[in-house]
Amino acid sequence: IAAVAVIAIGIFSFKQVNEKKRGNAARRPNIVFIMSDDHAYQAISAYDTRLTQTPNIDRIAKEGMLFTNACVTNSICAPSRAVILTGKHSHLNGKIDNYFPFDTTNITFPQLLQKSGYQTAMFGKLHFGNNPKGFDEFQILPDQGDYYNPDIITKKAGKKKLMGYVTDLITDITLNWLQNERDPEKPFFLAYLHKAPHREWLPAERHYKEFISKKFPEPATLFDNYEGRGRASKEQEMNLLTHMNWAGDSKIFPENMDKLGIKESHAYDKRNYTYTVGRMNPDQRKTWDETYGKMNEEFIKNYPSMTEKDKMKWRYQRYMQDYLGCIASVDEGVGKVLDFLKKNNLDENTIVVYTSDQGFYLGEHGWFDKRFIFDESFKTPLLVKWPGVIKAGSKNSQMVQNLDFAQTFLEAAGVKSPSDMQGESLIPIFKGKGKNFRDAAYYHYYEYPSVHMVKRHYGIITEKYKLVHFYYDVDEWELYDRVNDKNEMKNVYNDPKYASVKKELHQKLAALRVKYKDSETLDKMYIEKYKELEAKGKI
Ligand code: SGN
Ligand code: CA
């Protein structure tokens, strides 16, 4: 009898421990991390209603918090993703630009979540050139990925070709995992990562048909002439008129370019380039050719009488039609995922984040692309909901960074962060208690000389000012007054009125470089390493 009793107690307490574990697991929040590629906050209606409507993305802010000063540490794709996953600045995680390989000996937060009992999955664009670690399941696009009929690398079955439109496909894969592969016993971390709205901006059929006839308001700085600013702003190659491709970007058919005598070095076969319309099947291509064919006809009629100014205006409209058309599918996909969570009673205990790998220029300063420390690419959208923790409809203006995600998610999951992570948990902010958050952000961009020719630079950003050092083939400092010059058109570095501000910021920047363990020695080392890659033909 005694033996039976002992066994019974044993079973009872074993069961209790197990239930307790499960109880804890059930209480730990799920995390749905949604990130798009190059999604400007100007193109999310929760931030700005002038360009487009994104009702589904906006739901996250309505039910949670809108961050109005979220920013990145290095405004470019793969480096931003590396900062997010490691919680370390680029100079420490080693992924300084799109060329350097991601060092997989870095510890990433999904690895730690997985170890602590989370089920982890990643779907969409990663852009590391190697597979993600710490994921029970992944399906990722190779490199940049294609808009139409893309290849996908799966954890289980290697590479395969999918048929359809990339944003819809990534959404379907994500919903399928939530529905059929999720382990209901475990909390989960899900990374749902869109390729859209990355260049060359190919919308889904339903959206290009809708957006091709729309007109959009121009930004105030579309015709910026960079007066008073340094060589970096003047020598970039991000201008809508002079650096966009007529064929690939604006979708002028090569035969029409010939007719009009439009020449450009690298655009001709762009229309059939792997990640443009060259991947479409005949049906997809037929509707595309018909819709864009009409636009081409109009263009042929108007082009001979267009001034340079007209051409700039035209290119801006063309750019916005396709860029915002891409975002329409992203918004629909986000809506489907949010609906799934709600329908399946998963929304109460789930943190949902919407962000981008960085901001993007939508014609401001005459530009497209990103890279610069200036606001449109330094800032990034961030909307977070977490029922019961974040008050619905709240707004926060602190300078939170993509550097902070790792520690935030680890804290939410009750996992201790490694001491060498460099961000701050956002949980106090979520709870409305983050008053004394970071007062200055550090930024460092490296990818030069390269596409778009944005010079290497680092800087400090405070609520009121921005001090920047451009280096490598220049040695120039710029200072901006963020309060009185919101569009960052006036470099006041040599204005005597700012002498004391300048001095203080120089000191603060030097202190930040020490705090984050960045240095001139590292700057030089990365230049040497870059040259080695260049010599090997890898750049
Ligand atoms: C491609 C694009 C660039 C873009 C980089 C990096 N040109 O080279 O415009 O800046 O990718 O983008 S394209 O004509 O080939 O599309 S990132 O998002 O991966 O950093
Ligand atoms: Ca990007």
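Both counts, for ligands and for their atoms, begin at 1 and track the order of listing.
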Residue and atom names of protein N/O/S atoms that fall under 3.0 Å from the Ca ion (ligand 2)
Asp37 OD1, Asp38 OD1, Asp357 OD1, Asp357 OD2, Gln358 OE1
Return a yes/no value for His452: is any of its N or O atoms, backbone included, closer than 3.5 angstrom to an N or O of ligand 1?
yes
Polar side chain donor-acceptor pair, Tyr458 to Asp518, under 3.5 angstrom:
no
Lys234 NZ: over 12 foreign heavy atoms closer than 6.0 Å
yes
For the pair His207 and Phe211, name the ring-plane relationship: parallel under 30°, tilted 30 to 60°, perpendicular over 60°.
perpendicular
Of all the atoms in ligand 1, which lie at a distance below 4.0 Å from a heavy atom belonging to Glu200?
14 (O), 16 (O)
Need the ligand 1 atom indices (1-based, order shown) with element for anything under 4.0 Å from a heavy-atom of Cys77.
17 (S), 18 (O), 19 (O), 20 (O)
Is Lys455 salt-bridged to Glu235, going by a charged N under 4.0 Å from an acidic O?
yes
Say whether Tyr516 and His444, considering side chains only, have a donor N or O and an acceptor N or O under 3.5 Å apart.
no
Heteroatom distance test (Lys370, ligand 1): nitrogen or oxygen, under 3.5 angstrom
yes
Please determine, by modelled atom types, if Tyr448 and Asp473 share a side-chain donor-acceptor pair under 3.5 angstrom.
yes
In plain terms, say whether Lys286 and Glu290 are close enough for a salt bridge, that is, a side-chain N and a carboxylate O under 4.0 Å apart.
yes
Using 4.0 Å as the upper bound for N to carboxylate O, is an ion pair formed by Asp38 and Lys370?
yes
Contact partition for Asn98 relative to ligand 1, non-hydrogen atoms under 4.0 Å:
side chain
